[in-house]
Amino acid sequence: MKNIMQSPVVVIGSGLAGLMTALQLAPLPVLLLTQGKIGHETSSIYAQGGIAAASHEEKDSSAHIEDTLRAGAGLCDQKAVATILDDGRKAIEVLEKYGVIFDHDRHGRPRLGLEGAHSHRRIFHIDGDASGQGIIKALTEAVLRTPSITVMENTIAVRLLKDKNKIRGVIAQIEGQFRSIVTSTIVLATGGIGGLFEESTNPLQNYGQGLILAADIGAVLADLEFIQFHPTALDANIFPKTLISEAVRGEGAVLVNSDNQRFLANTEGQELASRDVVARAIYHQTIQGKKVYLDARKALGKGFKTRFPTIAQLCHQVGIDPSMDLIPVKPVEHFHMGGIMTNLNGETTVKGLWAVGEVASTGLHGANRLASNSLLEATVMAMRAAKAILYSYPSIQSNDNEIDETGIVISDRLPFVKKIMQKDLNIIRDEDTLRSAIRQFLTLVNEYDDQYVLNPEQIAMMIAVSAFLRKESRGAHYRQDYPVTLEKANRSFISFDQAYQYAKTL
């Protein structure tokens, strides 16, 4: 058997969820695969606002739970919401144990931010608006000094292997060469799907690989149609798109159009309404031919640079001084509420396959993620998955089956998929455009060769089918042909075979 490796556990991804899982699994040996340099090609590092957790000023997480359920537009799994948010303070403490230093005031109390749809200041942040960088830096350093973790950089997982619905390994591409890794436990922590769109705040290389890997071996995916578009990305020629954090609006900045109208003034919650509401409001301004700007001059003025140093620097790079100038903004793809269906320990429908972070769907986010709940979920679910794996970990099963790696080719269809996703699965959808997208993706899928791996058209077709089947508007999923929200909220669950069979009927 050539090019064979073995590891008790393989973690795929080096964002917050992947790093935390590996750390919490110590001293169990872990092989951590990351497609770039550790901690670099991850959405986590771009997080500005921070991590939401009930503050010391709140008696418990009840208000945080209420805010999350409200933002989720009836689709949240209430048990998931309650149990994950109840672990918020514990998550903060564990992050601090690994060297994360959150901002505090001169009295030593956490300096907490306010973001959209939150009823309290409960956003723990680092260096004002560099929360993701601070967390990833600390966890990366912790991983690199943990002897039980072996990091393999510049490594792409291209296919999962199973036998009778049980994980038996993964094929990875390492510096152009394919190698087989035998393992009975794989944790997917590969992040989101932003790379499926032409414009996103995600790393361009993150195009749903974890979803593709899981769907390819029959795992059930959930709520794929719910894609969050962040309302206020900097409208400049930068890729990936740079966020102007919701925390800026939390400090009093307002949105105005090119006619200097504050178009959200009469909307409940105004600029701090849930993200789907604000994104659609901005979108409607743009289709009327108007530009949209964030105005922080009165609210923050010269204090902008102190409170949001990273954003100020990014603005200055494109010739904008936020203390004196309006900041041009637009909605772009930001976060996927859908993902691989898991239980509250991160287990998927394939034995030995786990998923944590944005790639997973626990039911926490519902139809519309509440700001800064993503880093919380990634931390809590990584802790839970690691605990469950350690509790029930089986010994490696020896595998004498040859794994044929010859002839494998990574799909090159991503540019075509991106154009369709950007056009037909954006903020506002309808039956005609969704049907067109599904048919185009189906054509690509039918050209599929078993030697090709990481086919983006597979997951794109599943997302489009899920959006087509949801004949209502709810949260981030808005159908202009079905603008009404149904009285009963139902989550959606789908496998690749189910999506494929349905697509063939259109």
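Computed from a prediction, not measured in an experiment: that's the story for all the values here.
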**Q.** Straight-line distance of I244 CD1 to I327 CD1, nearest 0.5 Å
**A.** 5.0 Å
Q: Can you measure from CD1 (I135) to NE2 (H125) and round to the nearest 0.5 angstrom?
A: 12.0 Å
Q. R474 side chain to A73 main-chain N or O, any donor-acceptor pair under 3.5 Å?
A. yes
Q.
Let me confirm one number: the CD-CG distance from Q228 to L370, rounded to the nearest 0.5 Å.
A. 9.0 Å
Q.
Quick check against the 3.5 Å criterion: does S131 have a side-chain atom that pairs as donor or acceptor with the backbone of I126?
A. yes
Q: State whether a side-chain donor-acceptor pair under 3.5 Å links N373 with H64.
A: yes
Q) Can any side-chain N or O of S258 pair as donor or acceptor with the backbone N or O of K291 at less than 3.5 Å? A) yes
(Q) Could you check whether atom NZ of K471 has more than 12 heavy atoms from other residues, nucleotides or ligands sitting under 6.0 Å from it? (A) yes
Q: Have a look at S492 and tell me which of V465, L224, D223 forms a side chain to side chain contact (heavy atoms under 4.5 Å, CB included) with it.
A: D223
(Q) With side chain to side chain donor-acceptor pair (under 3.5 Å) as the test, pick out the partner of S374 among H334, R369, E358. (A) R369
Q.
Tell me whether the count of non-hydrogen atoms from other residues, nucleotides or ligands lying under 6.0 Å of CD in E487 goes above 12.
A. no
Q | side-chain hydrogen bond (donor to acceptor under 3.5 Å, both in side chains) evaluation trace for T83 with D86 | A | CA-CA 5 Å; T83 58; D86 279 347; over 6 Å; no
(Q) For residues 185-222, which residue pairs pass the ring-ring contact (aromatic ring centres under 6.0 Å, His included) check, not counting sequence neighbours? (A) F197-F229
**Q.** Test item: E153 side-chain N/O and T34 main-chain N/O as donor-acceptor pair under 3.5 Å
**A.** no
Q. Does a side-chain heavy-atom distance below 4.5 Å link Y452 with I410?
A. no
**Q.** Check ion pair E251-R121 (N to O, under 4.0 angstrom)
**A.** yes
Q.
Just by distance, no angles: are the side chains of Q288 and N257 close enough, under 3.5 Å, to form a donor-acceptor pair?
A. no
Q: Flag yes if more than 12 heavy atoms outside K504 fall under 6.0 Å of its NZ atom; otherwise flag no.
A: yes
**Q.** Salt-bridge present (D259, K290; N to O < 4.0 Å)
**A.** yes
Q: Quick one: which residue pairs count as a side-chain hydrogen bond (donor to acceptor under 3.5 Å, both in side chains) with a foot in residues 336-352, not counting sequence neighbours?
A: N343-E347
Q) Would you call E199 and K330 a salt bridge, taking side-chain N to carboxylate O under 4.0 Å as the test? A) yes
**Q.** salt bridge (charged side-chain N to carboxylate O under 4.0 Å, His left out) assessment of E246 paired with R275
**A.** CA-CA 9 Å; E246 202 154 318; R275 286 181 173 177; 2.5 Å; yes
Q) How far apart are the closest heavy atoms of L234 and K241, and which atoms are they? A) O-CD, 4.0 Å
Q | N-O pairing of R429 and D481 below 4.0 Å | A | no
Q: Give me the one residue out of K418, R439, R413 that meets salt bridge (charged side-chain N to carboxylate O under 4.0 Å, His left out) with E457.
A: R413
Q: Determine yes or no for a side-chain-to-main-chain donor-acceptor pair under 3.5 angstrom, with S495 supplying the side chain and V220 the backbone.
A: no
Q) Is a side-chain N or O of H120 found less than 3.5 angstrom from the main chain of R122, in a donor-acceptor match? A) no
(Q) Keeping S411 on the side-chain end and N455 on the backbone end, is there a donor-acceptor pair under 3.5 Å? (A) no
Q) What distance do D424 atom CG and Q440 atom CD have between them, rounded to the nearest 0.5 Å? A) 6.5 Å
Q) Counting N and O atoms only, with roles assigned by atom type, does the side chain of E472 sit under 3.5 Å from a partner on the main chain of L486, one being a donor and the other an acceptor? A) yes
Q: Keeping the roles fixed (side chain from T190, backbone from G210), state whether a donor-acceptor pair exists under 3.5 Å.
A: yes
(Q) Check for me whether the distance between the ring centres of F335 and H365 falls short of 6.0 Å. (A) yes
Q.
Rounded at 0.5 Å granularity, tell me how far OG1 in T362 sits from CG in D77.
A. 7.5 Å
Q) Do other residues, nucleotides or ligands put more than 12 heavy atoms under 6.0 Å from Q261 CD? A) yes
Q. Does a side-chain N-to-carboxylate-O contact under 4.0 Å join R262 and E271?
A. yes
(Q) How long is the straight-line distance from CG of D67 back to CD of E115, given to the nearest 0.5 Å? (A) 12.0 Å
Q. Quick one: does M341's side chain get under 4.5 Å of S361's, heavy atoms only?
A. no
Q: Please confirm whether the backbone N or O of D129 pairs with a side-chain atom of Q133, one donor and one acceptor, at under 3.5 Å?
A: no
(Q) Before you tell me yes or no, could you show the steps for N446 and Y500 under side-chain hydrogen bond (donor to acceptor under 3.5 Å, both in side chains), namely the whole-Å CA-CA distance, both residues' side-chain angles and the distance that decides it to 0.1 Å? (A) CA-CA 10 Å; N446 283 334; Y500 179 72; 2.7 Å; yes
